[in-house]
Amino acid sequence: MSDTSTQFTRRPAPVSKPAVLTVAGSDSGGGAGIQADLKTIEAHGGFGASAVTAVTAQHTRGVESTHVLPAREVGAQFDAVAADLDVRAAKTGMLATAENVRTVADRAATADFPVVVDPVMVAASGDRLLDPDAEDAYEGLLAEAALVTPNAEEARVLTGIAVEDADSAAAAGEALVEMGADAALLTGGHVSGETVRDTLVTPDRTRTVDHPRVETDATHGSGCALSAAIAARLALGDDLPAAVEAGVEFVARAVRYNLDVGEGPGAVHHAVGLRNRAAREPAAEAVSEVVGRLVEADVSAVVPEVGTNVVGATPYAESVGETAAVEGRITRTLSGVRPTRGVRFGASSHVARFLLAAREFDPELRFAANCRFDADVEAALDDLGWPVAEYDRDAEPDAVKEPEGSTMQWGARRAFEAAAGTPVAVVDRGEVGKEAMTKLVASDPATLADRVVGLAEAVAGE
C-alpha cells in the first residue's frame, strides 16, 4: 500500500507570454500560413493566436483548392482574441478577398498593438492567393500598418514600381510609406544576385540588411515566417529595426537549414533558432569530452607549437559565437598535453572560421581540430589512407589576408572545392613565418577524437 502522507497537490506555476495574433490562411501542408506563423511565434517566445481567413488544400507542390471564410467570421475571430488575450502585436497573411482586407483594416485602425502586413498575393508555387479586386482594398490596410513586408512582385502590384535594384527597392518602400504605412521592408529574395538585400524604409531613413543567397528552392513559407518573426520580436519589446534584423537573420538560417518534407522543394525550418540554442550545452560538453580523450591519450606528437584547439559547432551554426572551443589552446607539457583553460563559446577564431567555411560544403561537419604538419605527419596521413585536401597560401590574394579569419575561410573553400568529397584532413603548408598545419574534421565528437588520436599514434609509430 502506498504512503499517502507524502502526497500533496502541486502548486501551478503559470508562465506569462505576450500574445501575437496571426490573421491568415491555413496551409494544410504545414509550411506556410497560420501553421508557419504559429510555429515561428512560439519559437520566438510568444503565444500564438489565430484568425483563419481561408482553408487551403495545399502541399509542397502547390495549392489544390481554397475555401475562403466569410468576412464576418474572420472579424469574429479577431475580436474574440483581442477581447481576451494580451495581444502585443499582430500580422496578416493571406486575406484572399477585398471584404476580408477591409474587415482587417477596420480592426487594425482601432487596435492598440502594431500590425505587420504581409501582402500575400501569390504562393511560392505560383498559385494566386488574392482576388484581383482585393488589390485595391490593400491601400486602406497599408495605412494602418506598422510595417508592410512585400516581395518584389507584391511591391510592383502595390506601387507600380518594378523592384530590380537598391534604388528601385528604396523608391517602392518610400511609396508604401507615402500610402500610410509606418515603415516598409522590401524583401530581396526575388531580386537576382549573389547577395540578398532587404531594404527597410521609414519616414526618416533607409536601412539595408544583406546576407548571402542560399541556392535552394525550399523557400515555402519564408515570407510568412519573416513577418511572424518580426511581429513576435515587436511583441517582446524590440524596436522596429532590431525586430527586422532579427527576423531577417532568422529566415536566412531557416532557409539554409530547410526541412526536406514532401515531394516539392520543402519548407523553411521554423524552429531552427530554438533547436540551435538548445544544442549549445551539448556542443560544449562534446568538446570537453574530446579534450579529455586527447589528454588521456597524450597526443603530444601532433600538437603544434601554437597549440591545438578543438571546436564544436551547434547543428545550425552560422557564426563563431555559435562554436564552442578551448579558451586558449591544448599545449604540450613535460607530463603530456593539457588545456590552458576551459571550454566556452566564441573562444576560437581561426579553427572556428575554418569549420564554418567547411560546413558550406558539408553541413554535417560539426567538429574540427588543428594539428601540426611536417614530413612525419605527411607520411602518417599517407599510411592511414585518409582522404586529404590542401591549400597553398602562396596563392592567397592579398585582399583576403586583411580581415580577421579570412585566410581560414579562403583556405577551406580552396581545399573543399578541389576535393572529391569530404576530406578527413586539410593541409595548410604555411608560408614564411607561419607554422604549417593540419585540420581534422568530423561530424561527431567521437570520430574527431579517434582521428586525432589515430594520427598521433601513426606519427609516433605505435
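Note that this is a predicted model, so its numbers are computed, not measured. Just so it is clear, the values below take in all heavy atoms, side chains as well, and ignore hydrogens, waters and symmetry mates.
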*Asks:* Under the rule for side-chain contact (heavy atoms from CB on, under 4.5 Å), what residues qualify as partners of Ala171, not counting sequence neighbours?
*Replies:*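 With sequence neighbours excluded, Ala171 shows a side-chain contact (heavy atoms from CB on, under 4.5 Å) to Ile161, given in chain and number order.
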*Asks:* Are Val87 and Val81 side-chain neighbours, meaning at least one heavy-atom pair lies under 4.5 Å?
*Replies:* yes
*Asks:* List for me each residue that meets ring pair (Phe, Tyr, Trp, His ring centres under 6.0 Å) alongside Phe416, sequence neighbours excluded, and say none if there are none.
*Replies:* Phe361
*Asks:* Please check this pair: side chain of Glu174 against backbone of Val201, looking for a donor-acceptor N/O pair closer than 3.5 Å.
*Replies:* no
*Asks:* Side chain of His270, backbone of Gly31: donor and acceptor closer than 3.5 Å?
*Replies:*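 Pair found, side chain donor or acceptor close to backbone of Gly31.
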*Asks:* Could you tell me if the side chain of Cys224 sits less than 4.5 Å from the side chain of Lys91, heavy atoms only?
*Replies:*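 Yes, their side chains come closer than 4.5 Å.
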*Asks:* Going through the checks in order, is the salt bridge (Lys or Arg N to Asp or Glu O under 4.0 Å) test met by Arg413 and Glu360?
*Replies:* CA-CA 8 Å; Arg413 182 169 293 278; Glu360 292 292 328; 5.1 Å; no
*Asks:* Between Asp428 (side chain only) and Met437 (backbone N and O only), is there a donor and an acceptor less than 3.5 Å apart?
*Replies:*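 Between the backbone of Met437 and the side chain of Asp428 there is no qualifying donor-acceptor contact (under 3.5 Å).
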*Asks:* Using modelled atom types only, decide if a donor and an acceptor are shared between the side chain of Arg61 and the backbone of Gly264 within a distance under 3.5 Å.
*Replies:*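 Checked: no pair found.
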*Asks:* Counting only heavy atoms not in Glu263 (residues, nucleotides, ligands), do more than 12 fall under 6.0 Å from its CD?
*Replies:* no
*Asks:* Going by salt bridge (charged side-chain N to carboxylate O under 4.0 Å, His left out), name the residues that satisfy it together with Arg156, two or more places apart in sequence or in a different chain.
*Replies:*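 By the salt bridge (charged side-chain N to carboxylate O under 4.0 Å, His left out) rule, Arg156 matches Glu153.
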*Asks:* Go through it in stages, so that I can follow the logic: the residues are Phe250 and Val272, the test is side chain to side chain contact (heavy atoms under 4.5 Å, CB included), and I'd like the CA-CA distance, side-chain angles, deciding distance and then a yes or no.
*Replies:* CA-CA 8 Å; Phe250 158 73; Val272 65; 4.2 Å; yes
*Asks:* Out of Leu142, Leu185, Thr187, Leu176, which residue meets the side chain to side chain contact (heavy atoms under 4.5 Å, CB included) rule with Pro150?
*Replies:* Leu176
*Asks:* Pair Glu245, Arg207 - check salt bridge (Lys or Arg N to Asp or Glu O under 4.0 Å), show working.
*Replies:* CA-CA 10 Å; Glu245 186 171 350; Arg207 306 169 177 86; over 6 Å; no
*Asks:* Say you draw a straight line from NE2 of His44 to CG of Leu274; how long is it, rounded to the nearest 0.5 Å?
*Replies:* 9.5 Å
*Asks:* Crowded around Asp217 CG? As in, over 12 foreign heavy atoms under 6.0 Å?
*Replies:* no
*Asks:* Can you confirm whether more than 12 heavy atoms, excluding those of Asp260, are under 6.0 Å from its CG atom?
*Replies:* no
*Asks:* Drop me the distance from Thr40's OG1 to Arg233's CZ, to the nearest 0.5 angstrom.
*Replies:* 13.0 Å
*Asks:* Is the count of non-hydrogen atoms from other residues, nucleotides or ligands lying under 6.0 Å from Arg275 atom CZ greater than 12?
*Replies:* no
*Asks:* Does anything in residues 46-67 pair up under ring-ring contact (aromatic ring centres under 6.0 Å, His included), and if so which pairs, sequence neighbours excluded?
*Replies:* none
*Asks:* Which heavy-atom pair separates Pro363 from Arg256 by the least distance, and what is that distance?
*Replies:* CG-NH2, 4.3 Å
*Asks:* Can you find a pair of side-chain heavy atoms, one from Leu236 and one from Pro18, that are under 4.5 Å apart?
*Replies:* yes
*Asks:* For a 4.5 angstrom cut-off between non-hydrogen side-chain atoms, does Leu448 reach Pro445?
*Replies:* no
*Asks:* Quick one: are Tyr138 and Val148 in side-chain contact, heavy atoms under 4.5 Å?
*Replies:*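 Not in contact.
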*Asks:* For Asp37 and Ala225, which heavy atoms make the closest approach, and how far apart are they?
*Replies:*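 Minimum heavy-atom contact is OD1-N, 4.5 Å.
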*Asks:* Report the distance from atom CD of Glu99 to atom OG1 of Thr103, rounding to the nearest 0.5 Å.
*Replies:*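 One gets 5.5 Å once the value is rounded to the nearest 0.5 Å.
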*Asks:* What pair of heavy atoms forms the shortest contact from Val177 to Pro203, and how long is it?
*Replies:*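 Heavy-atom minimum between the residues: CG1-CG, 4.0 Å.
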*Asks:* In sequence, state the C-alpha distance, the side-chain angles, and the governing distance for Thr53 and Gln77, and then conclude on side chain to side chain contact (heavy atoms under 4.5 Å, CB included).
*Replies:* CA-CA 9 Å; Thr53 61; Gln77 294 174 77; over 6 Å; no
*Asks:* Could you please spell out the steps behind the side chain to side chain contact (heavy atoms under 4.5 Å, CB included) verdict for Arg366 and Arg359?
*Replies:* CA-CA 8 Å; Arg366 289 188 53 203; Arg359 283 169 52 80; 3.7 Å; yes
*Asks:* What is the distance from atom OG1 of Thr92 to atom CZ of Phe78, rounded to the nearest 0.5 Å?
*Replies:* 10.0 Å
*Asks:* Taking Glu249 for the side chain and Ala246 for the main chain, is one N or O donor matched with an acceptor at less than 3.5 Å?
*Replies:*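 No: the side chain of Glu249 does not pair with the backbone of Ala246.
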*Asks:* Go through the structure and list residues passing side-chain contact (heavy atoms from CB on, under 4.5 Å) with Asp392, not counting sequence neighbours.
*Replies:* Asp394
*Asks:* Would Ser26 and Gln35 count as having a side-chain donor-acceptor pair, cut-off 3.5 Å?
*Replies:*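 There is such a pair between these side chains.
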*Asks:* For His269, is there any backbone N or O sitting under 3.5 Å from a side-chain donor or acceptor partner on Arg253?
*Replies:* no
*Asks:* So, for Thr216 and Val255, which heavy atoms are closest and what is the spacing to 0.1 Å?
*Replies:* CG2-CG1, 3.6 Å
*Asks:* When you compare the side chain of His350 with that of Phe354, does any pair of heavy atoms fall below 4.5 Å?
*Replies:* no
*Asks:* Which heavy-atom pair separates Arg197 from Ala166 by the least distance, and what is that distance?
*Replies:*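 So the two residues come closest at NH1-CB, 3.8 Å.
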*Asks:* Any side-chain heavy-atom pair from Val248 and Leu226 closer than 4.5 angstrom?
*Replies:*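 Yes, close enough: below the 4.5 Å cut-off.
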*Asks:* Quick one, Leu147 with Val244, criterion side chain to side chain contact (heavy atoms under 4.5 Å, CB included). Give me CA distance, side-chain angles, the key distance, then yes/no.
*Replies:* CA-CA 10 Å; Leu147 177 70; Val244 167; 4.1 Å; yes
*Asks:* Rounded to the nearest 0.5 Å, how far does NZ of Lys439 lie from CG of Asn370?
*Replies:*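 One finds 6.5 Å between CG of Asn370 and NZ of Lys439.
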*Asks:* Check the side chains of Thr314 and Asn276 for a donor-acceptor pair under 3.5 angstrom, ignoring hydrogens and angles.
*Replies:* yes
*Asks:* For Glu285, look at atom CD and say whether over 12 heavy atoms of other residues, nucleotides or ligands are found less than 6.0 Å away.
*Replies:*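 Atom CD in Glu285 is packed in, count exceeds 12.
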*Asks:* Residues in side-chain hydrogen bond (donor to acceptor under 3.5 Å, both in side chains) with Thr159, at least two apart?
*Replies:*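 In terms of side-chain hydrogen bond (donor to acceptor under 3.5 Å, both in side chains), with neighbours along the sequence ignored, Thr159 is linked to no residue.
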*Asks:* If I take atom CD from residue Glu64 and atom OG1 from residue Thr56, how far apart are they, to the nearest 0.5 angstrom?
*Replies:* 10.0 Å
*Asks:* Just wondering, do Val441 and Asp362 contact through their side chains at under 4.5 Å, heavy atoms?
*Replies:* no
*Asks:* Identify the heavy atoms of Ala243 and Ile230 that sit nearest to each other, and give their distance.
*Replies:* O-CG1, 3.7 Å
